[in-house]
Amino acid sequence: MNTRLIFAALFLLVGFTSTQAETKQPPNIVFIFTDDHCQQALSAYNDARITTPNMDRIAKEGMRFDRCYCTNGICGPSRAVIQTGKYSHLNGFIRNGNKFNGDQQTFPKLLRAAGYQTAVIGKWHLATTPQGYDYYDVLKGQGPYYNPPMITAGKDGKPITKPHVGYTTEIITEKTLDWLKNDRDADKPFMVMYQHKAPHRNWQPAPKYLNWLDDQTIAEPETLWDNYNGRTRSAKRQTMTIKDHLTAYDLKLAPPRGFNEDQLQAWNKAYGPKNEAYEKAKPSMTEKEIIQWKYQRYVKDYLRCVKSVDDGIGEVLDYLDEADLADNTVVIYSSDQGWYLGEHGWFDKRWMYEESLKCPLLVRWPGQVQPGTTNEDIVSNLDFAETFLSIAGVDVPNDMQGRSLVPILQGNTPADWRKTFYYHYYENPGGHNVARHYGVTDGQHKLIRFYALEGEKIDDWELFDLKKDPNELVNIFGSTEVMGIESKLSGELERLRQKYAVPEDNDPGRAKKPKQKKQPARALKKAS
């Protein structure tokens, strides 16, 4: 009798477990996205400048990708690629200043059709109203660091702009948590895009971090003093150096705008004495010492902004644990492209050089991703839409140009996974005067063609050996020693351009420089 009872109990248990597995919801997806966050300012990749414990937690409990490349290293185009799974020339958003065609196929529309509840909160920067989302609450344009106006749907379904008071990073986190706790349908799987403005220029820290790092000196990158010799004309003709192109507003030597009285008081209390000390010392400082001061001011403010993002991520991860959602939620962290923290003497992005080509990518998926793993396959923001769909069990449309990362996340890289990657940047004339260029990399060598600069057609080539020359200082294009490599990459470049249906860009002057809002002269004045 006892044996029969035991077998009966086991039968019931197996049946219950099977039924439970069959009725389990598809995984939820929390996509955390920042603007201009580089791998060298995330301690899971590089702990020399900052500790980011909450981002690191995603890496420790999931997978860190070391070669995640962006397709077009600038804010809006990167976001359009993620929405569509297509390169810029196909989704129609090739540079900031374009307007995203939200009528086209996007992954949130496909998720929503499959029963997911979808939301986007924070930075959108695509100039049109988000489509495919049950809920949106997004920054107006780029958005300020303090007191942001944000756009959401009114009661009639039409977009309305609402004012907010506070620090933007914290507001975006609060709104994300509020949606997760109070507004989502608990009977549906969800996908939320939790997207920050930070650490985008002009790097205004939260009140609690205004004096953080004051007692530290951040190490200078070895290429801070790069003179751009050994490369083509494009590297010298950019306008993004710490030496010459940071404004007084960037450097906090001009008063901030849009603050309330309490915020301004806290700001002046923190920066006033530091600025006074600099102005007093400046007459006796050498040019090198002034550049070093600018570097420290810039990089510390950047890191302070990252710190607030990391705090917010911790709050969201804690909520997923508290609500028993963590085990069935995929958490993905990334940024729109990399960034320069003084490498080559620069701030900003845009180039196909490593610091801006590489994006951070961390993925936690309990039960599917082996904790603490790293991956060196060539992956891209081109793959994100396909990955979201695959996680949800939704078929990936044939016209998407990337591939799902799910097999790689599960430890099974497909044998035919890409070995090379195509990049294309279009915004010239435009901000920072980075030449239009495209190129190919296999992770060891990189071939770049610069083809338009300041409205003129050019035909300049660069080839780098990333193993021997990781800082990309020596252009070896045309060297007899690498003719075989050059020929191979040239062929691969042409193959990829055909594969992705890239048209010739025959009018290098067609993209006009976007109009800039006038700023007070004191804010635009270059600090020196």
Side-chain angles (χ1 to χ4, degrees), residues 16-17 20-21 23-34 37 42-44 51-64 108 111 115-123 133-138 150 152 164 166-198 206-209 306-335 360-373 387-388 391-392 409:
F16 172 76
T17 304
Q20 193 178 45
T23 59
K24 185 178 180 180
Q25 283 188 348
N28 305 307
I29 301 169
V30 175
F31 179 65
I32 309 170
F33 203 56
T34 46
H37 189 200
L42 199 167
S43 52
T51 300
T52 49
N54 298 300
M55 297 177 193
D56 292 1
R57 178 182 168 188
I58 302 172
K60 289 175 183 177
E61 297 175 359
M63 180 176 288
R64 185 193 77 199
L111 287 181
Y116 269 72
Q117 192 173 21
T118 58
V120 58
I121 302 166
K123 181 170 178 178
Y133 297 94
D134 295 287
Y135 175 77
Y136 66 88
D137 201 341
V138 297
M150 297 183 72
T152 191
H164 297 79
Y167 189 61
T168 299
T169 299
E170 295 170 358
I171 289 170
I172 291 170
T173 296
E174 290 165 4
K175 285 179 173 289
T176 301
L177 287 170
D178 184 61
W179 184 82
L180 286 169
K181 293 176 181 179
N182 303 315
D183 292 343
R184 66 181 178 87
D185 184 344
D187 294 327
K188 289 184 176 181
F190 64 83
M191 186 286 299
V192 58
M193 302 186 82
Y194 162 44
Q195 306 198 136
H196 288 286
K197 170 203 174 66
K208 65 181 176 180
Y209 287 126
V306 171
K307 194 68 172 173
S308 288
V309 172
D310 191 69
D311 290 347
I313 290 172
E315 293 181 51
V316 171
L317 294 179
D318 287 346
Y319 170 72
L320 294 176
D321 287 341
E322 294 161 7
D324 293 325
L325 291 169
D327 286 347
N328 196 40
T329 299
V330 184
V331 178
I332 301 166
Y333 177 80
S334 191
S335 187
L361 177 59
L362 312 172
V363 182
R364 184 184 79 177
W365 188 0
Q368 298 292 326
V369 175
Q370 183 69 28
T373 53
T387 302
F388 300 148
I391 288 170
L409 291 168

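The basis for the numbers below is simple: all heavy atoms, side chains too, and nothing from hydrogens, waters or symmetry mates.
Taking all atoms of both residues into account, the shortest heavy-atom contact from P27 to P189 is O-CB, 4.4 Å. The heavy-atom pair separating P108 from Y133 by the smallest distance is CG-OH, 3.5 Å. Shown here for A392 and L111, the closest heavy-atom pair between the two residues is CB-CD2, 3.4 Å. F190 and N28 get closest at one heavy-atom pair: N-OD1, 3.1 Å. Heavy-atom minimum distance, L362 versus M55: CD1-O, 3.3 Å. Across M150 and D137, no two heavy atoms sit closer than the pair CE-O, 3.3 Å.
A distance-only check finds no donor-acceptor pair linking the side chain of T118 to the backbone of M191 [under 3.5 Å]. Counting only distance, with no hydrogens or angles, the side chain of S335 and the backbone of T34 share a donor-acceptor pair below 3.5 Å. Checked by atom type and distance alone, the side chain of T152 pairs as donor or acceptor with a backbone atom of Y136 at under 3.5 Å.
For the residue pair Y333/N54, the side-chain donor-acceptor check at 3.5 Å is not satisfied.
Looking only at side-chain heavy atoms (C-beta outward), K188 and Y116 stay at 4.5 Å or farther from each other. Side-chain contact check for I332 versus L361: some heavy-atom pair is nearer than 4.5 Å. Side-chain atoms of I58 and I313, non-hydrogen and from C-beta on, do get closer than 4.5 Å to each other. Contact of the T168 side chain with the H196 side chain is not registered, since no non-hydrogen atoms from C-beta on lie closer than 4.5 Å. Within the 4.5 Å cutoff, side-chain heavy atoms of D318 are placed close to those of E322. Counting heavy atoms from C-beta on, the side chains of I171 and T173 never come closer than 4.5 Å. L320 has its side chain within reach of V331: a pair of non-hydrogen atoms, C-beta onward, lies under 4.5 Å apart. The shortest side-chain heavy-atom distance between K208 and E170 falls under the 4.5 Å cut-off.
Using cut-offs of 30° and 60° for the angle between ring planes, the Y135 and W179 rings count as parallel.
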Walk me through it: do L177 and N182 pass the test side chain to side chain contact (heavy atoms under 4.5 Å, CB included)? CA-CA 8 Å; L177 287 170; N182 303 315; over 6 Å; no
Test salt bridge (Lys or Arg N to Asp or Glu O under 4.0 Å) applied to D134 and R184, step by step: CA-CA 9 Å; D134 295 287; R184 66 181 178 87; over 6 Å; no
Could you walk me through whether Y194 and F33 pass the ring pair (Phe, Tyr, Trp, His ring centres under 6.0 Å) check? CA-CA 6 Å; Y194 162 44; F33 203 56; over 10 Å; no
Hey, mind stepping through I121 and V138 against side chain to side chain contact (heavy atoms under 4.5 Å, CB included) and telling me if it holds? CA-CA 5 Å; I121 302 166; V138 297; over 6 Å; no
Going through the checks in order, is the salt bridge (Lys or Arg N to Asp or Glu O under 4.0 Å) test met by R57 and D321? CA-CA 13 Å; R57 178 182 168 188; D321 287 341; 2.5 Å; yes
Stepwise side chain to side chain contact (heavy atoms under 4.5 Å, CB included) test for Q195 and I172: CA-CA 8 Å; Q195 306 198 136; I172 291 170; over 6 Å; no
Applying side chain to side chain contact (heavy atoms under 4.5 Å, CB included) to V330 and V363, what does each step give before you reach the verdict? CA-CA 7 Å; V330 184; V363 182; 4.0 Å; yes
Return a table of donor-acceptor pairs under 3.5 angstrom between the side chains of residues 364-372 and protein atoms on other chains or two or more places apart.
{"unit_1": "R364", "atom_1": "NH1", "unit_2": "E61", "atom_2": "OE1", "d": "2.7"}
{"unit_1": "Q368", "atom_1": "OE1", "unit_2": "Q410", "atom_2": "NE2", "d": "2.7"}

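Of the residues listed (D310, T51, D56), the one engaging S43 in a side-chain hydrogen bond (donor to acceptor under 3.5 Å, both in side chains) is D56, and it is the only one.
Around atom CG of D178, more than 12 heavy atoms belonging to other residues, nucleotides or ligands sit under 6.0 Å away.
Ion pair D183/K175 not flagged as a salt bridge, since none of the NZ, NE, NH1 or NH2 atoms sits closer than 4.0 Å to an Asp/Glu carboxylate oxygen.
The CG atom of D311 sits 9.5 Å away from atom OG1 of T169, with the distance rounded to the nearest 0.5 Å.
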